[in-house]
J.: 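Here you go, one structure.
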Amino acid sequence: MGAQAAGPLVVGVDSSTQSTKALVVDAVTGAVIARGQAPHTVSGGAGKESDPRQWWQALGEALAQCGDAARQASAVSVGGQQHGLVTLDAAGAPVRPAMLWNDVRPAPQSERLIAERGGAAAWADRVGSVPGPAFTVAKWAWLKANEPASAAATAAVRLPHDYLTERLTGEAVTDRGDASGTSWWASSTESYDAEILAHIGLDPALLPRVALPGEAAGTVHAGHLPLPKGALVAAGTGDNMAAALGLGLRPGRPVLSLGTSGTVYAVSTHRPADPTGTVAGFADARGDWLPLACTLNCTLAVDRVAALLGRDRESVEDGGEVVMLPFLDGERTPNLPGASGLVHGLRHDTTGGQLLQAAYDGAVFTLLQALDRVLDADAAPDAPLLLIGGGARGRAWRETVRRLSGRPVVVPEARELVALGAAAQAAGLLLEEDPAAVARRWETARGAEYEARPRDEAAWERLTATLVDGAPLLRR
Ligand SMILES: Nc1ncnc2c1ncn2[C@@H]1O[C@H](COP(=O)(O)OP(=O)(O)O)[C@@H](O)[C@H]1O
Ligand SMILES: O=C(CO)[C@@H](O)[C@H](O)COP(=O)(O)O
């Protein structure tokens, strides 16, 4: 147990790629009273899949670690990894494992869908995003083409967070934030797009209701989790939208998140529609927008390079001119689903530490390249970057971001911003307040500030040139 509670308790959940994290939080002060975490298994190889039942089990374990505090909660909310395709049969059991956001097998379906419905600009204009392989629409098309029996047996389609919300409440409910990562929810109309659903042969009756911002999904109905029956359950949202809530973000404040995925985003008052597909035009959980770019290769890729080199993740070294594009899983930003890692400029005197630093540089470069596209007129050009996610705890990550961005960086003290954002959503529901205002009251964005350093232009140019010159290899 952590601090003593002064107000009612709320639970915030982050069901992300690698694990479920649960926080019990004082709704008035934001003090974290208890926390728990339990791991998930992700399949290796070409496909990335997880069993949704394991997320539910992990949720139970993480809540159990919170002890009595979870049993006293008045409201709960679940933030979850975006885009995952959860297919359930008529009894609510998974037809097959969920296909995750980082599963690049639907690349051919993504290309076909873009071409069949007027090209990239038409998609961006209509739904807000160009549907790359990450988007749920491409995953459903892959399932129809490759496993028609599984598609035919599907009686309900869910995203990870609303699968868990439904198991908690018995209600089929999602929210605009996570729905905007499907590409069958259109940002231009803020509703499911009947024409796109007809095009991919998905019956709208299989989808959950989209709750309005601030609306409840229901109450806890299942007795088998350590949560009080009847506690309020908020609609929940995608993990990046939850982190935006958790930081109490105002429009124009840039965030860089270093986790299983790398993401850069900012809240915007303008509906995004990037025809290049670099920026996903997500909705946020409140009624604004969340333009975001996401990479597939972030902390796991750099940790893998460190392991290959037999080095601790912090033992980087300056100098040399070696460049690495650590696209171990293919890449989403830039859209190179078939790519693998590329090293250029290796010399006899290149050290292991320099090679590891090159992996950090490559991972951070791809995110920062997308940042300029993410930021719009709402953003001040020199606004400090909020650095979050597991990687934000690492010195090598932080110093790489400072050296390649040329911006000041703030690392919030609060660690679990997705779970905190879900907790703020639950508190907002309970106290009838704006969840972002709740998070600002909790001062979740407070943290150590690091001043801007001049950008390392030479490294930036080497990375840009390697990406351009390496294109034929990366596109294979
Ligand atoms: N102290 C640390 N320094 C650097 N990286 C860290 C540290 N602690 C955790 N990480 C990295 O954070 C990653 C997990 O980040 P997290 O944001 O929790 O993941 P997820 O995106 O699945 O929620 C791990 O893959 C690990 O590489
Ligand atoms: O696909 C995206 C964003 O579009 C990812 O950010 C996922 O939402 C997975 O998040 P993490 O497990 O890294 O938190």
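As the structure lists them, so they are numbered: ligands from 1, and atoms in each ligand from 1. Fair warning: this is a prediction, and the values are worked out from it, not measured in the lab. One-based numbering along the sequence shown.
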J.: State plainly whether the residues Glu171 and Arg209 are in salt-bridge range, i.e. N to O under 4.0 Å.
T.: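 No, no charged N to carboxylate O under 4.0 Å.
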J.: Are any side-chain N or O atoms of Thr189 and backbone N or O atoms of Asp193, one a donor and one an acceptor, separated by less than 3.5 Å?
T.: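 No.
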J.: Give the residue, atom name and distance (to 0.1 Å) of the protein heavy atom nearest atom 25 (O) of ligand 1.
T.: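 The answer is Thr299 OG1, 3.0 Å.
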J.: Select the closest option to atom 6 (O) of ligand 2 among Ser19, Gly79, Gly84, Ser261, judged by heavy-atom distance.
T.: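 Residue with the shortest heavy-atom distance to the ligand atom: Ser261.
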J.: Heavy atoms, side chains only, cut-off 4.5 Å: are Thr17 and Ser261 in contact?
T.: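 No, too far: nothing below the 4.5 Å cut-off.
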J.: Against ligand 2, does Gly181 come closer than 4.0 Å with any heavy atom?
T.: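 No.
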J.: Can you list the ligand 2 atoms lying under 4.0 Å from a non-hydrogen atom of Phe282?
T.: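 Ligand 2 atoms under the 4.0 Å threshold to Phe282: 4 (O).
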J.: Aromatic rings Trp460 and Phe365: how do their planes relate, parallel, tilted or perpendicular, breaks at 30° and 60°?
T.: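 Trp460 vs Phe365 ring planes: perpendicular.
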J.: Let me see the working for Glu331 and Thr366 under side chain to side chain donor-acceptor pair (under 3.5 Å), right down to the final yes or no.
T.: CA-CA 10 Å; Glu331 192 36 77; Thr366 45; 5.4 Å; no
J.: Judged on heavy-atom distance to atom 1 (O) of ligand 2, which of His40, Gln82, Arg332, His161 sits nearest?
T.: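 Nearest option to atom 1 (O) of ligand 2, by heavy atoms: Arg332.
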J.: Is there any N or O on Trp101 that sits under 3.5 Å from an N or O of ligand 2?
T.: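 No, no N or O pair falls under 3.5 Å.
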J.: Ligand 1 and Gly390, any nitrogen or oxygen pair closer than 3.5 angstrom?
T.: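 Yes: some nitrogen or oxygen of Gly390 is under 3.5 Å from one in ligand 1.
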J.: Based purely on interatomic distance, does Ser16 place a nitrogen or oxygen under 3.5 Å from a nitrogen or oxygen of ligand 1?
T.: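 Between Ser16 and ligand 1, an N or O pair is found under 3.5 Å apart.
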J.: Hey, which atoms in ligand 1 end up nearer than 4.0 Å to a heavy atom of Gly394?
T.: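 Near Gly394, meaning under 4.0 Å from one of its heavy atoms, ligand 1 has 3 (N), 4 (C).
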J.: With heavy-atom distances below 4.5 Å as the criterion, would you say the side chains of Thr182 and Val157 are in contact?
T.: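 Of all side-chain heavy-atom pairs linking Val157 with Thr182, none is under 4.5 Å.
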J.: When only distance counts, is Thr17 in polar contact with ligand 2, meaning an N/O pair under 3.5 Å?
T.: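 Yes, there is a polar N/O contact under 3.5 Å.
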J.: Of the protein's non-hydrogen atoms, which lies at the shortest distance from atom 1 (N) of ligand 1, and what is that distance?
T.: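 For this ligand atom, the closest protein heavy atom is Arg393 CB, 3.4 Å.
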J.: So, are Arg35 and Glu416 salt-bridged, with charged N and O less than 4.0 Å apart?
T.: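 No, Arg35 and Glu416 are not salt-bridged.
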J.: What is the nearest protein non-hydrogen atom to atom 27 (O) of ligand 1, stated with its residue, atom name and distance?
T.: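 Heavy-atom neighbour on the protein nearest atom 27 (O) of ligand 1: Asp303 OD2, 2.4 Å.
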J.: In the protein, which heavy atom is nearest to atom 14 (O) of ligand 2, and how far is it?
T.: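 Result for atom 14 (O) of ligand 2: Asp239 OD2, 2.7 Å.
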J.: Does a donor on one side chain sit under 3.5 Å from an acceptor on the other, for Thr400 and Gln357?
T.: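 Distance-only check passes for Thr400 and Gln357.
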J.: Looking only at distance, does Gln81 have an N or O less than 3.5 Å from an N or O of ligand 2?
T.: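 No, there is no polar N/O contact under 3.5 Å.
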J.: Step through the shown structure and confirm whether more than 12 heavy atoms of other residues, nucleotides or ligands are within 6.0 Å of CG on Asn146.
T.: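 Yes - once you tally the heavy atoms of other residues, nucleotides and ligands closer than 6.0 Å, there are more than 12.
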J.: Mind checking whether Lys21 has a heavy atom under 4.0 Å from ligand 1?
T.: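 Under 4.0 Å: yes for Lys21.
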J.: Looking at ligand 2, does any of its N/O atoms fall within less than 3.5 Å of an N/O of Ser16?
T.: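 Among all N and O atoms of Ser16, none is under 3.5 Å from an N or O of ligand 2.
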J.: Counting neighbours of CZ on Arg271 that are heavy atoms of other residues, nucleotides or ligands and sit closer than 6.0 Å, is the number greater than 12?
T.: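 Buried by this count: over 12 neighbours within 6.0 Å.
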J.: So if I count the atoms of ligand 2 from 1 in the order they appear, which ones are less than 4.0 Å from some heavy atom of Thr260?
T.: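 In order of number, 13 (O).
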J.: If the cut-off is 4.0 Å to any non-hydrogen atom of Gly389, which atoms of ligand 1 fall inside it?
T.: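 Numbered from 1, ligand 1 contributes 17 (O).
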J.: Find out whether the Lys NZ or Arg CZ of Arg176 is both under 6.0 angstrom from the six-membered ring centre of Trp289 and within 45° of the ring's axis.
T.: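 Judged by the rule (NZ or CZ under 6.0 Å from the ring centre, within 45° of its axis), Arg176 counts as positioned above Trp289.
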J.: Walk me through it: do Trp397 and Leu387 pass the test side chain to side chain contact (heavy atoms under 4.5 Å, CB included)?
T.: CA-CA 10 Å; Trp397 278 112; Leu387 195 62; 5.6 Å; no
J.: Examine the side chains of Thr263 and Asn240 and answer whether a donor and an acceptor come within less than 3.5 Å of each other.
T.: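 Yes, side-chain donor-acceptor contact under 3.5 Å.
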J.: Nearest protein heavy-atom contact for atom 14 (C) of ligand 1: which residue, which atom, what distance?
T.: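 Among all protein heavy atoms, the one nearest atom 14 (C) of ligand 1 is Gln18 NE2, 4.1 Å.
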J.: Please list the nearest protein heavy atom to atom 2 (C) of ligand 1 with its residue and the distance rounded to 0.1 Å.
T.: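 Its nearest protein heavy-atom neighbour is Arg313 NH1, 3.5 Å.
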J.: Ignoring angles and geometry beyond distance, decide whether Ser261 reaches within less than 3.5 Å of ligand 1 through its nitrogen or oxygen atoms.
T.: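 It does not: no N or O of Ser261 is found under 3.5 Å from an N or O of ligand 1.
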J.: Is Gln18 close enough to touch ligand 2? Criterion: a residue heavy atom under 4.0 Å from a ligand atom.
T.: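 It does not, in that no heavy atom of Gln18 comes within the 4.0 Å cut-off of ligand 2.
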J.: Which bit of Thr260 gets closer than 4.0 Å to ligand 1, counting heavy atoms only: side chain, backbone, both or neither?
T.: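 Under 4.0 Å from ligand 1, Thr260 contributes backbone and side-chain atoms.
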J.: Which of the atoms in ligand 2, numbered in the order shown and given with their element, are less than 4.0 Å from a heavy-atom of His83?
T.: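 The list of qualifying atoms is 1 (O), 2 (C), 3 (C), 4 (O).
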